[in-house]
Amino acid sequence: MGQLTDVQIQSWIRQNKPVAGSAPQFWRQRARLGYDSRGARSTIGYPDISLAAARKLATKLRAELDTGVDVAAAKRKLKLAQRQAKSFKELSEIYIELAGPQLKVNTLGETKRYLKKDVYPRIGYLPAVEVLEPEVIYLVEQIARRSKSVARRTFEILSVILSFGVSRQIIQRNPCSSIKISSLIAQPRPKRERIMLTEDELKILMPNAISLGEENALMLKVLLATCVRKGELTKAKWVDMDFETGIWRVPSENSKTGKGFDVPLAPTVIGWLNELRGLSKQSDYVLPARKRGYAKKSETISNSTLNAALDRISFGIREFSPHDLRSTARSYLVKQGMSVVAAERSLNHALGGLIGIYDQYDYLDERRSGLEIWAAFLKKCELELAPDQSS
């Protein structure tokens, strides 16, 4: 091929006689670097680079190889560097694009909100490779000043995205893996037995719940009065609720047990739900997402919304979580005379043993009566201050 000329090549092309069949035409140089038996290979395009120019370039490449320069390895390093030049925001967007279809709708919406509200403004512009332990620590500590639960969830999201970056060779390692969130943030309340709020505590909580914000206060009251799980309420739609019959039908896809169930609605609870309907702005959902601070409104509020609100407010009573509202309700239902099985049905607990197998009765009448007494008691607590609060 040393005698080949551009004129000859052009002649073949005019006669429709390509040098190598119908495949794309290019020059290829092969060389061996040191003891690498595989050899190094360089590709030079044609006709963008003429034969004469290709020969000059090949001479240059041979000279680089003679001095120990691995051209192919240099190209690989360049491509890696280009991948690593992506900002953290670009990395996050790639993750969302590829992983989004596999995520639950609520999880995807929450991830986007947390990134937009807290992460992008602080580290989104940084190259992903520069997001290391100091950047993660700073970010989480800043968010924790507002809400520890949001800070923990943000840390989890960061870790997932950075692990994705490692798998894509965009970053070398995940800095979150060397950070203990328990050391970084004043740890969540230590694990403890579920508590039952006392009557005096309820007389403080109920009238002062408004300090959580109107929607959060109503959410807390409905959770406490109906015994449902937080996720069952955040996913609820108005179409599931029949105020005339006083029944809220929780569909199976919203139930933790995977089995739909009916919740009797006391008149007091219907009143609170009507207040929420007035705040829902024609949404299909009982608790639609709030646009405040977000560019795009998702369908429902986050599962951590009430937790974050409780993190910010001290009522002067024992600290409690949304799940403690269920244990409080369960305790009072039995205390006021409801059977244990009916109380368990009220919480939509899966009953084990022979009871779970043979007892398929839903105890609706007993549950309705008990929940009405319980809701009336809560309303009374809302209107009556505890003795130490009346002064």
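The residues of the chain are indexed from 1 along the displayed sequence.
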Once rounded to the nearest 0.5 Å, what's the spacing between atom OG1 of T111 and atom CD of E156? 10.0 Å

Neighbour count above 12 (heavy atom, 6.0 Å) for E97 CD: no

Within the structure provided, determine whether M206 and L224 are in side-chain contact (heavy-atom separation under 4.5 Å). yes

Is it true that a side-chain atom of W238 and a backbone atom of Y285 form a donor plus acceptor pair closer than 3.5 Å? yes

Taking side chain as C-beta onward, heavy atoms only, is I247 less than 4.5 Å from L364? yes

With a 4.0 Å cut-off, would you call E366 and R345 a salt bridge? no

Has the side chain of D240 got a donor or acceptor atom that lies under 3.5 Å from a matching backbone atom of K237? yes

Do the side chains of E199 and K203 get close enough for a salt bridge, i.e. N-O under 4.0 angstrom? yes

d(K230 NZ, S321 OG) to nearest 0.5 Å is 8.0 Å

Enter the distance from S255:OG to E232:CD here, rounded to the nearest 0.5 Å. 5.0 Å

Pairing of E133 and R173 as salt bridge, 4.0 angstrom limit: yes

Short question: side chain of S280, backbone of R277 - any donor-acceptor pair under 3.5 Å? yes

Would you say the side-chain atoms of R168 pair up with the backbone N or O of Y95, donor to acceptor, closer than 3.5 Å? no

G231 to N303 - nearest heavy-atom pair and separation: CA-OD1, 3.6 Å

Pairwise distance CD(E344) to OH(Y363) - rounded to 0.5 angstrom: 11.5 Å

If you measure only the distance, is there a donor-acceptor pair under 3.5 Å linking the side chains of N174 and S159? yes

Is any NZ, NE, NH1 or NH2 atom of the basic residue among R318 and D324 found under 4.0 Å from an Asp or Glu carboxylate oxygen of the other? no

Side chain R326, main chain C227, donor-acceptor under 3.5 Å: yes

Should R113 and E110 count as an ion pair when the cut-off is N to O under 4.0 Å? no

Taking the side chain from D118 and the backbone from Y114, do they hold a donor-acceptor pair closer than 3.5 Å? no

Using the rule that Ile, Leu, Val, Met, Phe, Trp and Tyr join whenever any side-chain heavy atoms are under 4.5 Å apart, tell me whether M241 and I270 fall into a single cluster. yes

If hydrophobic clusters are built by linking Ile, Leu, Val, Met, Phe, Trp and Tyr wherever their side-chain heavy atoms come under 4.5 Å apart, do V105 and L233 end up in the same one? no

Sub-3.5 Å donor-acceptor pair from the side chain of Q336 to the main-chain atoms of G370, do we have one? yes

Side-chain heavy atoms of I123 within contact of L158, under 4.5 Å: yes

Determine whether the side chains of D311 and S149 contain a donor N or O and an acceptor N or O closer than 3.5 Å. yes

Has S346 got a side-chain atom pairing as donor or acceptor with A342's backbone, closer than 3.5 angstrom? yes

Would a distance-only check, ignoring hydrogens and angles, find a side-chain to backbone donor-acceptor pair under 3.5 Å from E135 to L132? yes

